[in-house]
Amino acid sequence: MAEQRDDGKPGSDIEPTGSNAPASQPPMDPDQLEQFRQFQQFQDYLKFTQSQQGNHPAPSPDAGVVQAVPPQQGGQPPAIPPGYQLVPAERRRAPKWLSWLGKKVIAWVLAIVILGVAGTWLYNHFFPNDAGKSSAQLAQEGGGKYQTNHILSTSPYEAVREVYDAVAQNLVPQACGRMDEPVQQKFAQDLGYADCQVAVHELNRKVTSKNDYAESMPSYVSEPLPGDRFTISSCRFGIKGGPALGAFTVQKVEKSQWLIVAHTNEPTPCPAAPPTS
């Protein structure tokens with residue numbers, strides 16, 4: 001029989017034994033504890049770098065577990081534990097089709113720019129601006145040298161008609177280039193203008209019908225030519241659609257061409273024109 005104590009409660013001094021006894025936990029290996037501590041430091045460092053870049057770190061698989069090593073305070077990044085290193089994330093490359101499309105777009109833009117520059121140069125080369133050029137320069141550009149090239153008309157009446165046509169179209173080189181250089185200034189002064197360029201521009205403003213004006217002067221008459229130098233009167237042919245330009249003296253020059261070598265004014269308005277043959 002078991003002994004009873006003075007308090008009358010049997011078996012109160014017996015210690016629990018068997019399966020109900022709590023098992024004692026074995027101590028953790030120091031190497032494992034150090035590796036665990038370094039791993040948590042590495043996680044803290046990754047979270048800090050992601051937060052500095054504005055990225056929210058993904059929740060760690062051990063979320064909810066009490067960390068043994070708290071993150072460092074003061075905004076300073078945790079130290080990288082020994083044995084670990086940061087590997088920069090690989091930048092995602094654009095798809096090949098997108099890179100190909102970008103190269104094509106850049107190539108087309110460059111081609112359009114080059115074509116635009118080349119087109120502008122060609123236009124300015126073949127259709128130069130008359131601003132800032134003298135009448136002599138414009139005449140030279142309008143035909144080169146008649147002594148060596150066929151740049152003038154081979155008909156004396158056509159030579160004068162081309163002046164009317166150029167004035168109707170406001171073409172300074174073609175109008176002034178039909179005259180000898182000294183005559184260009186004389187022509188302008190006779191009509192009350194500073195030079196041949198200004199004369200062409202201002203006379204063009206007075207043209208009311210380009211076609212009638214250009215065709216008022218005939219290209220050819222049936223009567224024989226009076227010689228290699230003679231005067232053609234504008235009033236003789238009754239100019240229509242614009243102002244009469246006076247009398248032009250033409251002369252036959254190299255390569256059977258006709259050049260305007262003199263100019264004189266005529267009455268304004270012209271008297272009634274006689275019938276032409």
Side-chain angles (χ1 to χ4, degrees), residues 123-124 126-131 133 135 138-144 146 149-180 183-226 230-253 256-277:
Y123 180 86
N124 292 332
F126 290 103
F127 304 98
N129 191 353
D130 296 339
K133 297 180 181 179
S135 298
L138 293 171
Q140 186 71 13
E141 292 175 359
Y146 65 84
N149 300 307
H150 283 282
I151 60 175
L152 301 175
S153 175
T154 56
S155 167
Y157 291 95
E158 175 66 15
V160 177
R161 194 201 72 82
E162 287 177 344
V163 175
Y164 277 89
D165 181 69
V167 170
Q169 304 298 328
N170 200 24
L171 301 176
V172 175
Q174 286 78 355
C176 300
R178 300 295 179 261
M179 310 175 197
D180 197 13
V183 181
Q184 298 172 23
Q185 188 65 26
K186 178 69 164 49
F187 166 78
Q189 291 178 348
D190 288 346
L191 298 177
Y193 300 106
D195 57 35
C196 190
Q197 178 180 356
V198 175
V200 172
H201 290 322
E202 294 302 320
L203 290 170
N204 174 262
R205 297 174 182 270
K206 300 179 181 180
V207 175
T208 58
S209 174
K210 294 181 180 180
N211 186 65
D212 291 345
Y213 192 64
E215 299 302 327
S216 296
M217 181 66 61
S219 300
Y220 171 80
V221 295
S222 58
E223 62 187 36
L225 299 178
F230 64 98
T231 300
I232 298 175
S233 170
S234 296
C235 289
R236 174 187 174 187
F237 299 98
I239 305 302
K240 300 177 182 179
L245 301 181
F248 297 89
T249 300
V250 293
Q251 180 174 328
K252 194 172 185 179
V253 293
S256 299
Q257 301 175 97
W258 291 85
L259 177 69
I260 298 174
V261 294
H263 178 270
T264 55
N265 278 333
E266 291 187 304
T268 304
C270 290
T276 59
S277 56

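Looking at Tyr193 and Leu203, their side chains come closer than 4.5 Å, going by heavy atoms from C-beta outward. In this structure the side chain of Asn265 reaches within 4.5 angstrom of the side chain of Leu191, judged on heavy atoms. Looking at Ser233 and Glu266, their side chains come closer than 4.5 Å, going by heavy atoms from C-beta outward. Using a 4.5 Å heavy-atom cutoff, the side chains of Thr264 and Phe187 are not in contact. By the 4.5 Å heavy-atom criterion applied to side chains, Val160 and Phe237 are not counted as neighbours. Here the side chains of Val250 and Leu259 are not in contact, with every heavy-atom distance at 4.5 Å or above.
Taking every heavy atom of both residues into account, Ile232 and Pro156 meet most closely at CD1-O, 3.6 Å. Between Asp190 and His263, the closest heavy-atom pair is OD2-ND1, 2.8 Å. Listed here is the closest heavy atom pair of Ala244 and Ser234: CB-CB, 4.4 Å. Here the shortest heavy-atom pairing between Pro243 and Tyr164 reads O-CE2, 4.0 Å. Smallest separation of non-hydrogen atoms from Ala188 and Ala194: CB-C, 4.4 Å. The nearest pair of heavy atoms linking Ala175 to Val200 is CB-CG2, 3.8 Å.
Here the options are Lys210, Lys240, Arg161, the test is salt bridge (charged side-chain N to carboxylate O under 4.0 Å, His left out), and the partner is Glu215; only Arg161 passes.
Between Trp258 and Phe230, the ring planes lie perpendicular to each other; the angle is over 60°, past the 30° to 60° tilted range.
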> How far apart are the C-alpha atoms of Leu152 and Arg178, what are their side-chain angles, what is the distance that settles it, and do they pass the side-chain contact (heavy atoms from CB on, under 4.5 Å) test?
Replying inline: CA-CA 7 Å; Leu152 301 175; Arg178 300 295 179 261; 4.2 Å; yes
>> Between Ser153 and Glu158, is the side-chain hydrogen bond (donor to acceptor under 3.5 Å, both in side chains) condition met? List the steps.
In response: CA-CA 6 Å; Ser153 175; Glu158 175 66 15; 5.2 Å; no
> Asp195 and Gln184: side-chain contact (heavy atoms from CB on, under 4.5 Å), yes or no, with the steps?
Replying inline: CA-CA 7 Å; Asp195 57 35; Gln184 298 172 23; over 6 Å; no
>> Evaluate Thr208 against Tyr213 for side-chain hydrogen bond (donor to acceptor under 3.5 Å, both in side chains), listing each step before the verdict.
In response: CA-CA 8 Å; Thr208 58; Tyr213 192 64; over 6 Å; no
>> Walk me through whether Met179 and Val163 qualify under side-chain contact (heavy atoms from CB on, under 4.5 Å).
In response: CA-CA 9 Å; Met179 310 175 197; Val163 175; 4.1 Å; yes
>> Test side-chain hydrogen bond (donor to acceptor under 3.5 Å, both in side chains) on Thr231 and Thr249; report intermediate values, then the result.
In response: CA-CA 4 Å; Thr231 300; Thr249 300; 2.9 Å; yes
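We find the CG-OG distance between Asp165 and Ser219 to be 9.5 Å, quoted to the nearest 0.5 Å. How far CG of Leu245 is from CD1 of Ile239: 7.0 Å, rounded to the nearest 0.5 Å. Residue Asp180 holds its CG atom at 13.5 Å from NZ of Lys186, rounded to the nearest 0.5 Å.
In this structure, Asp212 contributes its side chain and Gly241 its backbone to no donor-acceptor pair below 3.5 Å.
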